[in-house]
Amino acid sequence: MGKVITSMKEDYAQWYNDLVIKGELADYSAVRGCMVIKPYGYALWENMRDALDKMFKDTGHVNAYFPLFVPKSLFEAEEANAEGFAKECAVVTHYRLKSDPDAKGKLIVDPEAKLEEELIVRPTSEAIIWNTYKGWIQSYRDLPILINQWSNVVRWEMRTRLFLRTAEFLWQEGHTAHASKPEAEAEAKLILDLYADFAENWMALPVIKGIKSANERFAGAEETYCIEAMMQDGKALQAGTTHFLGQNFAKAFDVKFSDRDNKLDYVWATSWGVSTRLIGALVMAHSDDDGLIMPPKIAPLQVVIVPVYKSDEQRSAVSEKANEIVRSLKALGISVKYDDNDNARPGWKFAEYEMKGVPVRIAIGARDIEKNVVEVARRDTKEKKAVSMDGLAVQIQNLLNEIQQNIYHKALQYREAHITKADNWEDFLNLLDDKGGFIAAHWDGSAETEENIKDISKATIRCIPLNNEKEEGRCIFTGNPSSQRVLFARAY
RNA sequence: CGGGAGGUAGUUCAGCCCGGUUAGAAUACGUGGUUUGGGACCACGGGGUCGCUGGUUCGAAUCCAGUCCUCCCGACCA
């Protein structure tokens with residue numbers, strides 16, 4: 001007994017919290033809005049990070065690291081961006097504490113140690129990076145600059161949720177500088193494709209690539225692209241964004257370069273990021289009432305082996321076989337744990353590893369050894385079957401691939417079943433309340449209409465899908481002419 | 001930041017309204033034994049500054065004030 005998960009149906013929010021806490025991805029901390037990422041959760045992040053990092057490097061990007069603090073004067077240089085983040089910035093005003101003369105053993109902020117200029121804890125790093133790039137760029141020969149950084153950022157959120165919205169989170173932020181507009185635009189789209197590739201092929205998370213409306217656009221960007229995912233409660237979640245920044249930051253930070261004709265021009269820029277929020281997406285897209293379901297390709301642990309025995313002789317016979325299996329799986333690069341902890345019985349272990357979403361469980365006992373088989377159970381379907389020990393490792397490898405595919409297709413099927421067209425306002429509202437998911441509807445393209453729809457329905461335009469089908473219609477809200485449907489949803 | 005709920009053993013909670021032995025239960029943990037194919041059982045044992053600070057009182061987990069953290073709803077949020 002012990003860890004029981006609230007069912008998804010009963011209380012979706014509590015179900016999510018239970019998965020994160022009881023699946024040991026993260027823990028609450030003594031700091032408001034900040035969480036501790038536990039080893040199991042961090043291992044997942046490391047796997048995600050490693051896969052993405054390789055993809056970045058394969059497309060010519062390099063890693064660097066920029067400071068956590070941004071002087072206020074730099075931060076405010078690009079006005080739109082600064083304004084967009086102003087309300088959620090942590091600010092460092094002092095650099096020293098001292099003993100409290102009125103309370104022994106307590107510390108107070110030393111009023112003598114006030115900073116001349118406040119430091120902003122980065123909510124994103126465009127400002128410090130573009131201030132730096134200014135010194136690195138003189139000619140087109142210095143371009144492009146294709147830098148990524150893995151870092152933490154702080155956004156002081158009023159209401160937080162584990163992984164989905166926390167005051168501090170981990171992410172990667174790419175910041176590139178280019179000699180031409182088309183090149184920068186191509187970069188923003190290249191990374192968008194890379195993100196979608198990662199989400200779908202590694203996280204088994206189907207996403208829709210699209211463009212954000214002006215209201216949802218990144219402050220300081222000319223165009224924001226995104227990948228949007230669908231959760232099992234019918235709410236959308238932005239899984240990643242890339243921004244074509246135009247020359248906004250170059251102008252704000254005066255970053256110019258000489259082109260081949262020795263003409264001065266401002267540099268073209270992009271930025272892009274995905275964060276630990278993706279872990280929240282992973283949890284909500286795949287898991288069930290028994291716990292997490294990890295896609296094999298990024299699972300912290302792909303296979304667990306649980307021994308079943310009645311005597312010491314059986315135990316050592318089982319262990320011998322199990323260790324053989326461990327070796328054969330490791331030889332194929334599969335991560336595997338042989339859990340021979342004698343304190344927990346098999347049933348307990350089964351439940352525990354299901355909770356943590358380990359894709360494949362192998363149970364092996366005396367009965368199996370006699371028949372030269374093991375019991376293989378897959379987490380995604382809960383199916384169990386006897387599999388011959390001959391060539392087991394390859395079978396497991398295939399099974400892991402199959403699970404990866406199955407999880408993806410299951411999520412895709414859900415997503416496809418939750419894109420619904422609405423052609424009048426009443427249907428639109430009913431669909432949001434009764435079914436959820438993406439609502440494909442006509443919109444007249446105005447920010448005002450978008451605001452009104454949001455105020456009434458709580459749904460936002462998630463994106464205008466790339467390669468969207470053109471279709472004449474009437475705006476769902478105003479009845480004004482529209483040339484295409486956009487995707488609305490309530491979102492995280 | 002507004003409304004609501006909560007914080008007592010590692011965990012889940014009871015006790016609080018109506019202040020008064022040594023603060024309980026289940027589960028987890030330790031030891032020994034029996035067990036082991038879906039969250040085992042018996043015996044013994046260890047474990048708590050009752051979130052924190054202050055106040056009222058002879059006496060506070062219990063009453064009062066402040067404060068911190070968490071959850072839910074709302075506002076806010078590229």
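Letters A, B, ... are given to chains in the order of the sequence lines, protein chains preceding strands, and every chain is numbered from 1. As the structure is a prediction and not an experimental result, all values here were calculated from the model.
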Checking A:R165 now: which residues fulfil side chain to side chain donor-acceptor pair (under 3.5 Å) with it, not counting sequence neighbours?
none
Mind checking who B:U31 pairs with, Watson-Crick or G-U wobble, both distances under 3.5 Å?
B:A43
Side chain to side chain donor-acceptor pair (under 3.5 Å) partners for A:N372, two or more places apart
A:D390
Set of ring-ring contact (aromatic ring centres under 6.0 Å, His included) partners for A:F56, sequence neighbours left out
A:W272
Taking side chain to side chain donor-acceptor pair (under 3.5 Å) as the test, write out the residues that go with A:T242, two or more places apart.
none
Quickly work out the A:E88 CD to B:C1 C1' distance and round it to whole Å.
14 Å
Nearest-Å distance once atom P is located in both B:G19 and B:U8:
23 Å
B:U56 and B:U62, which share atom name P, separated by this distance in whole Å
15 Å
What pairs with A:Y133 under ring-ring contact (aromatic ring centres under 6.0 Å, His included), at least two apart in sequence or on another chain?
A:W130, A:W136
Are A:K212 and A:F218 in a cation-pi contact, defined as NZ or CZ under 6.0 Å from the six-membered ring centre and within 45° of the axis?
no
How close or far is atom C1' of B:C77 from atom NZ of A:K235, stated in whole angstroms?
13 Å
When both distances are under 3.5 Å in a Watson-Crick or G-U wobble arrangement, the nucleotide paired with B:U56 is none
Which part of the nucleic acid, if any, lies within reach of A:E375 when heavy atoms closer than 4.0 Å are counted: base, sugar-phosphate only, or nothing?
base
Considering Watson-Crick and G-U wobble pairs with both distances under 3.5 Å, what does B:U67 pair with?
B:G51
Can a side-chain donor-acceptor contact be found between A:S316 and A:Y309 if the only test is distance below 3.5 angstrom?
no
With P as the reference atom in both, quote the distance from B:A26 to B:G46 in angstrom, rounded to an integer.
15 Å
Interatomic distance at P, B:A65 relative to B:A25, whole Å:
33 Å
Under the side chain to side chain donor-acceptor pair (under 3.5 Å) test, which residues partner A:E448, sequence neighbours left out?
none
Separation of B:A28 C1' from A:E24 CD (nearest whole Å)
13 Å
When rounded to the nearest Å, what value does the distance between C1' atoms of B:U11 and B:G6 take?
16 Å
Short N-O contact, A:R379 and A:D288, less than 4.0 angstrom
yes
Separation of A:K22 atom NZ from B:A28 atom C1', in whole Å?
14 Å
With a 3.5 Å cut-off and heavy atoms only, can you find an N or O donor on one side and an acceptor on the other between the side chain of A:K384 and the base of B:G38?
yes
Beyond-backbone contact of A:F69 with A:L74, side-chain heavy atoms, under 4.5 angstrom:
no
Mate of B:U11 where both pairing distances stay under 3.5 Å, Watson-Crick or G-U
B:A26
With the sugar-phosphate defined as primed atoms, P, OP1 and OP2, and the base as all remaining atoms, what B/S/- string results for nucleotides 68-75 of chain B, 5' to 3', for protein heavy atoms under 4.0 Å?
-SSSSBBB
According to ring-ring contact (aromatic ring centres under 6.0 Å, His included), who are the partners of A:W443, at least two apart in sequence or on a separate chain?
none
Say we look at B:C50 and B:C63: how far apart would their C1' atoms be, to the nearest angstrom?
15 Å
Report the residue (A:K382 or A:K454) whose heavy-atom-nearest nucleotide on RNA chain B is the more 5′ of the two.
A:K382
Write down the distance between NZ (A:K38) and C1' (B:G10), rounded to a whole number of angstrom.
11 Å
Please work out which residues in residues 337-345 of chain A have a non-hydrogen atom less than 4.0 Å from an atom of RNA chain B and list them by number.
A:D342, A:R345
Regarding A:G365, tell me which of base, sugar-phosphate or nothing describes its non-hydrogen contacts under 4.0 Å with the strands shown.
base
Who does B:U21 pair with, Watson-Crick or G-U, both distances under 3.5 Å?
none
Say you pick atom P in B:U31 and the same atom in B:U53; how far apart are they, in whole Å?
35 Å
B:G38 and B:C76, which share atom name C1', separated by this distance in whole Å:
46 Å
Give the rounded distance in Å between these two atoms: NZ of A:K349 and C1' of B:A40.
13 Å
Which part of the nucleic acid, if any, lies within contact of A:A366, taking any heavy atom under 4.0 Å across all strands shown: a base, the sugar-phosphate backbone alone, or nothing?
base
Counting the atoms with a prime plus P, OP1 and OP2 as sugar-phosphate, which does A:R315 contact under 4.0 Å by heavy atoms, base, sugar-phosphate, or nothing?
nothing
Just the rounded figure in Å: distance from P of B:U35 to CD of A:Q314.
12 Å
